[in-house]
2 protein chains.
Amino acid sequence: MLVVHFHQLAFDSLTQMPRKSTTPRKLPQQDRSKITVDAILTATARILTQEGYDRATTNRIAELAGVSIGSLYQYFPSKEALITSLAEHHVNTMMAIIESKLKDLFNAPIEVVLHELVEACIAAHAVDPMLHKVLNEQVPRINNTNAEAQFTALLRAYLELHRDQIQPQNLDLTVFILERAVEALTHAAVIDRPELLSDGQLQQEITNLLLSYLVEKT
Amino acid sequence: MLVVHFHQLAFDSLTQMPRKSTTPRKLPQQDRSKITVDAILTATARILTQEGYDRATTNRIAELAGVSIGSLYQYFPSKEALITSLAEHHVNTMMAIIESKLKDLFNAPIEVVLHELVEACIAAHAVDPMLHKVLNEQVPRINNTNAEAQFTALLRAYLELHRDQIQPQNLDLTVFILERAVEALTHAAVIDRPELLSDGQLQQEITNLLLSYLVEKT
DNA sequence: ATAAAATATGAGTTATAGCTCACATTTTAC
DNA sequence: GTAAAATGTGAGCTATAACTCATATTTTAT
């Protein structure tokens with residue numbers, strides 16, 4: 001079951017004008033309203049993945065959720081707020097998977113950490129590939145989540161701890177490359193070449209890529 | 001000056017229904033109409049980059065192009081066709097840069113090819129980073145261009161020729177990883193961390209990443 | 001029991017963007 | 001010169017999707 005997640009005011013990257021509020025009009029208090037909010041988010045995800053972004057009108061979403069359009073706007077001040085809320089929930093779900101898989105590996109050797117990182121990233125992308133695809137294609141990039149920034153910091157700390165065992169010394173660049181490469185390759189595979197993920201081949205290959213870059217080979 | 005580029009009928013990935021035609025209503029024949037078409041495409045790019053996707057209405061585009069809305073629809077059957085045309089032109093421009101930089105390196109050593117590949121990719125992304133960003137965020141992924149498929153084949157042929165000098169043996173996977181990694185890292189840098197590209201550091205680092213993966217180190 | 005608060009409803013308002021079309025102007029062909 | 005073809009025009013049509021609001025129902029608190 002989805003859990004609601006509300007976020008803060010943001011600024012449009014082009015106009016620098018504040019976006020219209022994405023905070024909810026009303027916080028659901030009783031159980032029935034929580035069910036309503038959940039039904040709306042679930043319906044949104046379902047329509048996005050099965051009918052496409054163009055069909056995801058607020059009226060259609062309310063219809064599939066089995067609630068009135070008025071109810072939708074009681075909890076989401078705008079369509080953008082609704083989509084953003086769903087997107088954040090999805091990102092948080094993915095990040096939770098990754099963090100739970102890596103949280104106890106701070107003292108593990110590099111080979112293990114990279115192996116787990118790649119595995120975790122692939123697992124995270126398997127949560128709802130179609131939703132992931134649609135959100136990535138249609139939703140203006142979400143400001144780096146807290147969870148993501150936290151993870152970046154954690155990875156950096158790990159690299160600092162193992163600095164003497166890794167080849168590249170500009171950790172800023174290294175973190176950038178590791179994170180982006182594993183994300184992009186996993187993402188591309190999930191979207192365009194899912195067959196590459198069925199056996200473990202691509203996973204192994206991505207791991208090799210990162211490992212050979214990171215560790216010094218005599 | 002932009003050069004018009006028309007493309008074929010495609011199918012929507014979700015609904016499997018044929019998309020509305022994206023071929024032009026009329027092919028421009030006289031010089032003045034070619035100027036019109038060019039003005040429309042230029043205005044589109046300008047509005048997308050400077051005012052944002054939401055402001056890129058067909059009426060606004062026609063206004064900035066200095067032509068009537070009727071003229072716009074004389075050459076582009078739909079807004080989608082216009083945007084797609086612009087996107088294709090942009091992709092082709094980028095691919096042309098990459099191909100021209102790599103075309104004579106078929107017999108060059110791997111280190112050189114990778115170095116040039118990364119350099120070319122960064123150069124291609126420098127053509128119009130803001131347009132590139134907007135198109136990537138807002139335009140449903142364009143079907144792999146001919147140019148892109150051709151390039152993939154070329155890269156694969158090169159790897160086959162140098163098979164004995166590279167570590168990974170599944171060339172299908174290797175091509176996938178090389179192409180996607182260099183594209184994704186360059187793209188991410190251009191969009192989110194342009195400062196990383198000012199000196200050659202990131203370029204060198206990406207090259208190292210690919211090189212250490214590809215070539216066997218004693 | 002009942003008042004107040006929370007939640008639900010959906011017909012209707014509003015805005016706007018894509019697009020048409022009847023007509024005007026310019027160019028080309030002969 | 002003139003007919004036909006190419007090109008240009010822009011007021012306005014149409015569709016639709018986001019969102020409102022007056023009203024109804026349900027739940028909670030006392």
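As a basis for the values below, the full set of heavy atoms in this structure was taken, side chains included, without hydrogen atoms, waters or symmetry mates. Residue numbering restarts at 1 for every chain, and letters A, B, ... go by the order of the sequence lines.
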Is there a donor in the side chain of T145(B) and an acceptor in the side chain of E88(B), or the other way round, less than 3.5 Å apart? no
Find which nucleotide of DNA chain D each of D31(A) and N59(B) is nearest to by heavy atoms, and output the residue with the more 5' nucleotide.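 The residue closer to the strand's 5' end, by nearest nucleotide, is N59(B).
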Phosphate oxygens OP1/OP2 of [N]: is one of them under 4.0 Å from a side-chain N or O of [X]?
| X | N | answer |
| --- | --- | --- |
| Y73(A) | dG10(C) | no |
| S68(A) | dG10(C) | no |
| T36(A) | dA8(C) | yes |
| T58(B) | dG18(C) | yes |
| S71(A) | dT7(C) | no |

Sugar-phosphate, base or nothing in reach of S33(A), heavy atoms under 4.0 Å: sugar-phosphate
Protein-nucleotide distance ([X], atom [atom1]; [N], atom [atom2]), rounded to Å:
| X | N | atom1 | atom2 | value |
| --- | --- | --- | --- | --- |
| Q74(B) | dG10(D) | CD | C1' | 13 Å |
| D54(A) | dA15(D) | CG | P | 18 Å |
| I69(A) | dT7(C) | CD1 | P | 18 Å |
| K79(A) | dA18(D) | NZ | P | 4 Å |
| R55(A) | dT16(D) | CZ | P | 10 Å |
| I47(A) | dA17(D) | CD1 | C1' | 14 Å |
| I40(A) | dA8(C) | CD1 | P | 8 Å |

Taking only nitrogen or oxygen atoms into account, show me every contact under 3.5 Å that the protein makes with nucleotides 27-30 of chain C, one pair per line with its distance.
none

Taking the six-membered ring of Y53(A) (Phe, Tyr or Trp), confirm whether the NZ or CZ of K79(A) is under 6.0 Å from its centre and within 45° of its axis.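 Pair K79(A)/Y53(A) counts as cation-pi.
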Who pairs with R193(B) by salt bridge (charged side-chain N to carboxylate O under 4.0 Å, His left out), at least two apart in sequence or on another chain? D172(A), E195(B)
Could you pull out all residues at least two apart from E63(A) that satisfy salt bridge (charged side-chain N to carboxylate O under 4.0 Å, His left out)? R60(A)
Side-chain (Y75(B)) to main-chain (T36(B)) donor-acceptor, under 3.5 angstrom: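 No, because the side chain of Y75(B) does not come within donor-acceptor range (under 3.5 Å) of the backbone of T36(B).
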Treating T152(B) as the side-chain partner and E148(B) as the backbone partner, does any N or O pair qualify as donor plus acceptor under 3.5 Å? yes
Return the nearest nucleotide to the side chain of V67(A); candidates are dT7(D), dA17(C), dT9(C). dT9(C)
Should the ring pair H132(A) and H187(A) be called parallel, tilted or perpendicular, given that the plane angle runs from 0 to 90° and is split at 30 and 60? perpendicular
